[in-house]
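Following: one structure in structure tokens, then a few remarks.
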Protein chains: 2
Amino acid sequence: MYRSNTCGELRQDNIDTEVTLAGWVSRIRKMGGMTFIDLRDRYGITQLSFDQKINHDLFEQANKLGREYVIQVTGIVKERSSKNPHLPTGDIEIIVSKLNILNAAKTPPFTIDNETDGGDDIRMKYRYLDLRREVVRKNLELRHQLAFETRRYLNERSFLEVETPVLIGSTPEGARDFVVPSRMNQGEFYALPQSPQLFKQLLMVSGFDRYFQIVKCFRDEDLRADRQPEFTQIDCEMSFVQQEDVLTMFEGLAKHVFKTIKGIELSDFPRMTYADAMKYYGSDKPDIRFEMKFNELKDLTKGQDFVVFDSAEYVGAICAEGCAAYTRKQIDELTDFVKRPQIGAKGLIYVRYNTDGSIKSSVDKFYSQEILLTWIERCGAKPGDLLLILAGDTEKTQKQLGELRLEMGSRLGLRDKQDYRCLWIVDFPLLEKDEELGRYFAKHHPFTSPKAEDIPLLDTDPGAVRANAYDIVINGVEVGGGSIRIHDSNLQKKMFSVLGFTEERAQEQFGFLMDAFRYGAPPHGGIAFGLDRFVSILAGLDSIRDCIAFPKNTAGRDVMIDAPSRIEQEQLDELGLIIKKKP
Amino acid sequence: MYRSNTCGELRQDNIDTEVTLAGWVSRIRKMGGMTFIDLRDRYGITQLSFDQKINHDLFEQANKLGREYVIQVTGIVKERSSKNPHLPTGDIEIIVSKLNILNAAKTPPFTIDNETDGGDDIRMKYRYLDLRREVVRKNLELRHQLAFETRRYLNERSFLEVETPVLIGSTPEGARDFVVPSRMNQGEFYALPQSPQLFKQLLMVSGFDRYFQIVKCFRDEDLRADRQPEFTQIDCEMSFVQQEDVLTMFEGLAKHVFKTIKGIELSDFPRMTYADAMKYYGSDKPDIRFEMKFNELKDLTKGQDFVVFDSAEYVGAICAEGCAAYTRKQIDELTDFVKRPQIGAKGLIYVRYNTDGSIKSSVDKFYSQEILLTWIERCGAKPGDLLLILAGDTEKTQKQLGELRLEMGSRLGLRDKQDYRCLWIVDFPLLEKDEELGRYFAKHHPFTSPKAEDIPLLDTDPGAVRANAYDIVINGVEVGGGSIRIHDSNLQKKMFSVLGFTEERAQEQFGFLMDAFRYGAPPHGGIAFGLDRFVSILAGLDSIRDCIAFPKNTAGRDVMIDAPSRIEQEQLDELGLIIKKKP
């Protein structure tokens, strides 16, 4: 061992003992005849002291060290004359008697510090240096803890972690599968799993009862800023359960994680139906750190010849507390915000309910003070509040109003990253209609079970059928989701027919799982959490990128190792593949 | 929840309580007016009792159930009149009052029983049914436990589990890489990692200090019976360590695993040099459950005109205790064994040291009783023992004698699967000479560090340089291996030159890691365990196949899901690939 202690553990108790430390030179301060070095390792920073008067040679050696040199030192722990209360080791320093350079270092291309001068691109190219920064490393420590505590919780509850294969088969609907050419079976391909869904359901048929896996999944799709081609799921499945059992089990997991990692005791998670989430928040992942629910005003706006509202299917308002004094400029900013193409509203109506009780609105021309007052009452506004109103098609407008609500929440400082609000969204619609194609698609996947009481609606009003499907949402982010699966083959057949599958096509596409189900499938259901997303929430990050040790960029490239890349002709020949020339 | 209890937990204490169970119909016994059903789930088997006299309808229903039906029953726990001491639940049975068929089942293609009538092929095709068998499931439970206890041990010792990427770059030497065509970067490919070696070393450069990962790795090679294209490693790396530190840490892990999973306290692992392992066991993974070391006889065989021994570089013997009475037929079997092409010996010489003190040998013609006695003494044989002797080139003959030793160990019942003997093999040669090409190759990989005292030999006798490399061997199986890495760039350059790399080629092939090392690499080293192999040892299995939930066959196929398979033309087009027509 190159060290007797780490750089994070020495305290007053260790004074006068001889220790050996090893680490990186983080900072060098030369003060006349004294040189101080901050020695850094994963566990902390310890100050090394070199005194010209005590050991001239050593002092000279120390002065020649560069940033990020790897050194080993031996010395006596002494009390510092000027202590550093911000550092756990701030009471002590090492009076070095022996210095050994383990490795020299080129000057890094950016400073290894929490506040670095390195931009995103250079940090990613030199990710191995970026990972030396405490802020980045902490995210990965958190990731480790989250995975470990998840396993501990599930292990204690008889879940078995079972590894499912990474080299699987491509499915006809797997357009976004990454594929892997087989050398031994030329012309054939494996696919990388988008999720272990098939295998976890098979494990339930196998009687594994409680399965989980923290597992890499893959999706070859055009990457949005916050997607990665490979991502990690906490994938779980249970047999002989109903929705309530799954919710209880995994609410428990979330509570366990928050308690052990963040020291936070979460209270029971509220349940909200998908319908309510859309009606009150315009989102199936509402951020409930703040209220500011939607209020529908349509009925209070009729007959005043204001064509925007009269022609709108939906008129909805949020009440921004204490914002009546917003300036013209601030209101214009909000108007610009909702008119951005990503949001797409045509305009924004406001009603100021001033502190003196007067009312001022952008639709004063059309609506009397009395009418405006009915809106104010509907919204529960107090003097000093501001109503922000959008109108249009119900679904679109609710989504737009939802975005505006989040923006107002941010502006009003109502979205504290250390304030965690979890909830379940339940009763998702089973099916989604593709208006263009005029047919229904499964909102989750075709094995999601409808609510028993809604099964008759499959014939009469498929769009109204609710699923035994649920999402767990934290601070406006969908962290996980799942469903109870269909285990009855007649219901499954019915489902396929609603989805417009012929029996042949259903057999071709899903026959394998359906065959397995004929040999005695238990009732079962499960959930999958996005680990990257979960970590980013716990770490208070906006992006998942910094929760991943070696992420890829939005073009799917690892700029550090420069992958993907060309391969040798020999390899292509062995695989029996030809690369098409670009036209 | 469909049940109040599992099928494994009811005992005498539960008598007279009402319970609800759910599971699979494992066995139905009809005895006149009584029908008994063994209800099975992952946790055990509980006997259900249906009495015609008590409830005729229910009795009739029960009689109609088929094997592997999934049912739910409610009833009262009662003491059994004839108890089954082999079953943890054997004291009780359930007098069923309610029966609910959750799912019917087709008759499975083989019996779901520890002793099944299903052959390998059908079991793999219906793996989801095979996994219902307790013997198979137990292996996967063990696998879960091994992974969990490994994580617990390493977590307690400040190791961080860090996920490294699965989509990485192909290296010029990565001839056995699986590759993944990139859609977004047409003509370019990712590769699947054969190990996270590069990334774990980078994490040490990043200051992660202690890393581990239980991770899938991939190798596209022609499969031997006991290899899989995807396999799982327990991959570990530590900074600021010497070989001794790594050995201590991971000997501790092995002990922890054996103690928590098997309840076995292992004593300290012996260390054996590679040279001794070859000299005494003819193998770098000796099975030390039994002694039977090699004895070299060459010096005792000279000058008697026996050309086989005189022309041989090496003459070695093992002493098979108590086997002097082996029949001609038994000796012939052994001769045939060593002459098999996989072993390749030309013949086998024996010396019987009979219980009456007489000596009988197949080379009596050439050697006097006095000379044979010197052999006997050299081997420490007692009356009643049998010497088995092979001769030829040293290396080949030692390997052949090693195989014969294992065969004799098996014949003599000295290889008890429940007797675990672990050891470290150390001081591996750093380099291996390819006699045909006349140059040296790295035995592990080019980053393995030579022993400090052997560095001068790099110039004079490279083949004699020993590495800081080590393997952990259990019962003759290499369960893990690793090394201390080179962290000094001058030594690394030296190593490349010995390996015959030009500076350009070294830069091209390994430049990326060498660049990283210039920014301050700590001394580091690590180890990787083969999880599949480790489980198979703990489970007492000969193959890794049954430790894997969904394995592939020797052609790399998953016969259950029928992968790999053809993909759609559309997908090939998107990837810019053409499949070469077979000639």
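Numbers restart at 1 for each chain; the letters A, B, ... are given by sequence-line order, proteins then strands.
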*Using a cut-off of under 4.5 Å on heavy-atom pairs, state which of A:G23, A:A147, A:S158 scores highest against chain B.*
A:S158
*Of the backbone (N, CA, C, O) and the side chain (C-beta and beyond), which part of B:F159 lies under 4.5 Å from a heavy atom of chain A, both, or neither?*
backbone
*Side chain, backbone, both or neither: which part of A:T107 has a heavy atom under 4.5 Å from chain B?*
backbone
*Classify the ring geometry between B:Y519 and A:Y126 as parallel (under 30°), tilted (30 to 60°) or perpendicular (over 60°).*
perpendicular
*Would a distance-only check, ignoring hydrogens and angles, find a side-chain to backbone donor-acceptor pair under 3.5 Å from A:N155 to B:F148?*
no
*Separation of A:F208 CZ from B:L131 CG (nearest 0.5 Å)*: 5.0 Å
*Most chain A-contacting option - heavy-atom pairs closer than 4.5 Å, from B:T232, B:D488, B:D558*: B:T232
*For residues B:E163 and A:E230, determine if any side-chain heavy atom of one lies less than 4.5 Å from a side-chain heavy atom of the other.*
no
_Under 4.5 Å from any heavy atom of chain A - which part of B:A516_ = both
*Who among A:E161, A:Q72, A:R133 has the most heavy-atom pairs with chain B under 4.5 Å?*
A:E161
*Derivation of the side-chain contact (heavy atoms from CB on, under 4.5 Å) call for A:R151 and B:H144*: CA-CA 10 Å; A:R151 288 189 164 100; B:H144 161 79; over 6 Å; no
*Side-chain contact test, heavy atoms from C-beta onward, threshold under 4.5 Å: evaluate it for B:F178 versus A:L167 and give yes or no.*
yes
*Interchain contact, A:L575 with chain B, by part (heavy-atom threshold 4.5 Å)*: side chain
*By a 4.5 Å heavy-atom criterion (distance strictly below it), what part of B:L513 contacts chain A: side chain, backbone, both, or neither?*
neither
_Within-4.5 Å side-chain heavy-atom neighbours: A:T6 and B:F240_ = no
*Looking at B:E244, B:H487, B:M184, B:E188, which makes the most heavy-atom pairs under 4.5 Å with chain A?*
B:E188
*Do the charged groups of B:R518 and A:E68 touch, with an N to O distance under 4.0 Å?*
no
*Calculate, to the nearest 0.5 Å, the distance between atoms CG and CZ belonging to B:D220 and A:R183 respectively.*
4.0 Å
*Answer with side chain, backbone, both or neither: which region of A:F231 has an atom nearer than 4.5 Å to a non-hydrogen atom of chain B?*
neither
*Tell me, for A:V166 versus chain B, whether the close heavy atoms (under 4.5 Å) come from the side chain, the backbone, both or neither.*
both
*For the candidates A:I214, A:V241, A:T248, A:L140, which exhibits the highest count of non-hydrogen atom pairs separated by less than 4.5 Å from chain B?*
A:V241
_Can you confirm whether A:L572 sits close enough to B:F189 that some side-chain heavy atom of one is under 4.5 Å from a side-chain heavy atom of the other?_
yes
*For the student: nearest non-hydrogen atoms of A:R557 and B:N185, plus distance*: NH1-OD1, 3.2 Å
*Heavy atoms, side chains only, cut-off 4.5 Å: are A:D573 and B:K580 in contact?*
yes
*Evaluate the side-chain proximity of A:Y2 to B:S239: yes if any heavy-atom separation is below 4.5 Å, no if none is.*
no
*Taking all non-hydrogen atoms of both residues, which atom of A:V70 and which atom of B:P522 are closest, and how far apart?*
CG1-CA, 4.0 Å
*Select one option (side chain, backbone, both, neither) describing which atoms of B:Y211 are under 4.5 Å from chain A's heavy atoms.*
neither
_Is A:L21 close to chain B through its backbone or its side chain, or both, or neither, when contacts mean heavy atoms under 4.5 Å?_
neither
*Heavy-atom pair count under 4.5 Å with chain A, highest-scoring of B:G169, B:P551, B:A555*: B:A555
*If you tally heavy-atom pairs under 4.5 Å against chain A, which of B:V25, B:L102, B:N103 wins?*
B:N103
*Any side-chain heavy atom of B:P181 sitting closer than 4.5 Å to one from A:V179?*
yes
*Check each atom of B:K216 against the heavy atoms of chain A and say whether the ones under 4.5 Å are side chain, backbone, both or neither.*
side chain
*For chain A, which of B:G556, B:S565, B:S182 has the most heavy-atom pairs under 4.5 Å?*
B:S565
_Can you give me the closest heavy-atom contact between B:M560 and A:F512, atom names plus distance?_
O-CE1, 3.1 Å
*Shortest non-hydrogen contact from B:R566 to A:Q186?*
NH2-O, 4.1 Å
*Contact class of B:I548 relative to chain A, heavy atoms under 4.5 angstrom*: neither
_Which one wins on heavy-atom pair count under 4.5 Å against chain A: B:P564, B:G576, B:A563?_
B:P564
*Between B:D209 and A:R3, does at least one N-O distance fall below 4.0 Å, as a salt bridge requires?*
yes
*Do any N or O atoms from the side chain of A:W24 and from the backbone of B:G520 form a donor-acceptor pair under 3.5 angstrom?*
yes
_Distance check, rounded to the nearest 0.5 Å: B:S206 atom OG versus A:R137 atom CZ?_
10.0 Å
*Might you point out which heavy atoms bring A:K552 and B:P165 nearest each other, and give the distance in Å?*
NZ-CB, 3.8 Å
*Would you mind checking which part of B:M204 comes under 4.5 Å of any heavy atom in chain A, side chain (CB onward), backbone (N, CA, C, O), both or neither?*
backbone
_Smallest separation among heavy atoms of A:L198 and B:I561, with atom names_ = CD2-CG2, 4.1 Å
_Quick one, A:L577 and B:I578 - any side-chain contact, counting heavy atoms below 4.5 Å?_
no
*Approximate separation, where rounding is to 0.5 Å, of B:L203 CG and A:R127 CZ*: 10.0 Å
*Rounded to the nearest 0.5 Å, how far does CG of B:L202 lie from CG of A:L129?*
9.5 Å
*Could you tell me whether the side chain of A:Q242 and the main chain of B:M1 form a donor-acceptor pair under 3.5 Å?*
yes
_Interface moiety of B:R210 toward chain A, non-hydrogen atoms closer than 4.5 Å_ = both
_For B:L154, which atoms come within 4.5 Å of any heavy atom of chain A: side chain, backbone, both, or neither?_
neither
_A:D177 vs B:Q571, test: side-chain contact (heavy atoms from CB on, under 4.5 Å). Steps then yes/no._
CA-CA 9 Å; A:D177 281 345; B:Q571 253 177 304; 4.2 Å; yes
_From CA spacing to verdict: side-chain contact (heavy atoms from CB on, under 4.5 Å), B:L160, A:R42_ = CA-CA 11 Å; B:L160 293 175; A:R42 186 184 116 199; 3.7 Å; yes
